[in-house]
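Structure first, commentary second.
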Protein chains: 2
Amino acid sequence: MSDTPETVLVEHVLDAISDQRLRAGTKLGEQALSDLFSCNRAHVRRALATLAAYQVVDLIPNRGAFVSTPSEDEARDVFQARRAIEATIIRNVVRRADEADIASLRTHLATEDSIRSQNDRPKAIRASRAFHMLLAKIGRNSVLEHYLAELTMRTSLIIGLYGSNAASLCSDDEHARIVQSIADRDETRAQEMVDHHLRHIEGEIAFGEEAPRVGPLSMILSPDRTTG
Amino acid sequence: MSDTPETVLVEHVLDAISDQRLRAGTKLGEQALSDLFSCNRAHVRRALATLAAYQVVDLIPNRGAFVSTPSEDEARDVFQARRAIEATIIRNVVRRADEADIASLRTHLATEDSIRSQNDRPKAIRASRAFHMLLAKIGRNSVLEHYLAELTMRTSLIIGLYGSNAASLCSDDEHARIVQSIADRDETRAQEMVDHHLRHIEGEIAFGEEAPRVGPLSMILSPDRTTG
DNA sequence: TCTGTTTAAATTGTTAACAATTTATGTTAC
DNA sequence: GTAACATAAATTGTTAACAATTTAAACAGA
């Protein structure tokens, strides 16, 4: 990929959203961003337009850019879309995954397991999202992969907004069972597990409550952090 | 919706793509666009960034913006994604459509029928796309609706690139049968019909051949045309 | 103390000018 | 006639300055 200031900015904001460091409603000031990423405002503006197209940022004329705050209806739509897309993804995975792919899934499970013992919530969220994105990659449909990237980020926003308890993370156990059914080449079961898993996550969201919070942008978005 | 120059430009380009007036590979020069829509280049640049995020435009550094030319692999991914998304949409439609919705579908069928007799291919393409988008609207999932909007536009690009014969349009007959199964509240049959319909369209695409062509942008994108 | 108004600061929106790069044109040599 | 090269034109990239709008602050009156 190219390495333009726009790309760097977009990637960092997306990472921060998926890690739940950037929360719904946070203002993304042009000056603040151009200072942080040492680029000019034209770059920032283009990057914000891209993020708005991804539907993780709202652009309000004369007011500026804000991390979008999904409504309850929108949240349910996001989860239904995820079920639709991940159902096809998991089918692709069961059919197309080779031994190396399954090995990479097992490696990921081990990583998630070790992270779980560390009690590092942001890290756990990131790893959990990475599992779903790894499935999308193995499924080898770039369109579905792209949409799932968007939807998982919006899911992070939703959970950050409404999600109540710590259990709102994907449980490793469910991930492990999904991997097992992939290894068994059991398409029906794999689809059932994924669907159940997503419904489980959605079910734990406590709509009605909200947990807004703000922090200085410089603490949240340091452009020189090592992304991986 | 707001009425900023960016929005107007984006909508017009999207319309032109879905109508196959704008074809894959066409260059979208900044000067040309800013002249056509009488706005400055900053607006054009933001609009192009948005279109690039929608994946219907490729931004090549120092070269400019071009209507994207989907590869065969990408085309197949687009169609699989459509099947995944439209399967859920049609399920929603069967469950949620009221009598007024079904009436609007029948009205649309009549419109398609009358257009078919006119032998106006661009108009037919637009109407055909509108049918799928009407289903998405009735399905009442804004996320799926948005994704289908993107995917139908990319489908237009694909058919414009590879599509061989006139039959590559959606046949009214299949649309009519889909509406009938909705009216019958036959979920399984409706899903089968949509899936079959999409596979039918995909099957008629002649990969390998290409039919590129260019024309003056001013002929294709007149900002003062009445969009409906 | 609260409310409403005025003033100042900060932020977004717009435009133009200039630099860098690519594309087109024209020329020369073979 | 073609290829390679030099030049000119057009296009994209970058920056800064200024205008318009919004937000924050200061202040007066009840």
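Quick caveat, the model's predicted, so the values are computed rather than measured. Here is the naming used below: chain letters follow the sequence lines, and residue numbers restart at 1 for every chain.
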Item to check | From CA spacing to verdict: side-chain hydrogen bond (donor to acceptor under 3.5 Å, both in side chains), B/N40, B/S34 | outcome: CA-CA 5 Å; B/N40 56 36; B/S34 66; over 6 Å; no

Checklist entry - Can you name the residues that form a side-chain contact (heavy atoms from CB on, under 4.5 Å) with B/A65, not counting sequence neighbours? => result B/L28, B/L48, B/V57, B/L59

Checklist outcome for this item: Heavy-atom contacts, protein to nucleotides 19-25 of chain C, under 4.0 Å, summarised as B (base), S (sugar-phosphate only) or - (none) per nt, yield --SSS--

Next on the checklist: Among residues at least two apart in sequence or on other chains, which ones pass ring-ring contact (aromatic ring centres under 6.0 Å, His included) with A/F79?
Outcome noted: none

Next on the checklist: Please enumerate all residues that pass side chain to side chain donor-acceptor pair (under 3.5 Å) together with A/R199, with sequence neighbours excluded.
Outcome noted: A/D195

Item to check | Positions of residues 39-54 of chain A (non-hydrogen atom under 4.0 Å from DNA chain D), listed by number | outcome: A/N40, A/A42, A/H43

Checklist outcome for this item: ring-ring contact (aromatic ring centres under 6.0 Å, His included) filter on A/H43, not counting sequence neighbours, yields none

Checklist outcome for this item: In short, salt bridge (charged side-chain N to carboxylate O under 4.0 Å, His left out) pairs touching residues 146-155 of chain B with sequence neighbours left out are B/E74-B/R154

Next on the checklist: Distance check needed: D/dT15 C1' versus A/E30 CD, whole Å only.
Outcome noted: 15 Å

Item to check | Length of the CD-C1' vector between B/Q31 and D/dG13, whole Å | outcome: 14 Å

Item to check | side chain to side chain donor-acceptor pair (under 3.5 Å) partners of B/E145, counting only residues at least two apart | outcome: none

Checklist entry - Excluding sequence neighbours, so at least two apart, what forms side chain to side chain donor-acceptor pair (under 3.5 Å) with B/R82? => result B/E86, B/H132, B/T155

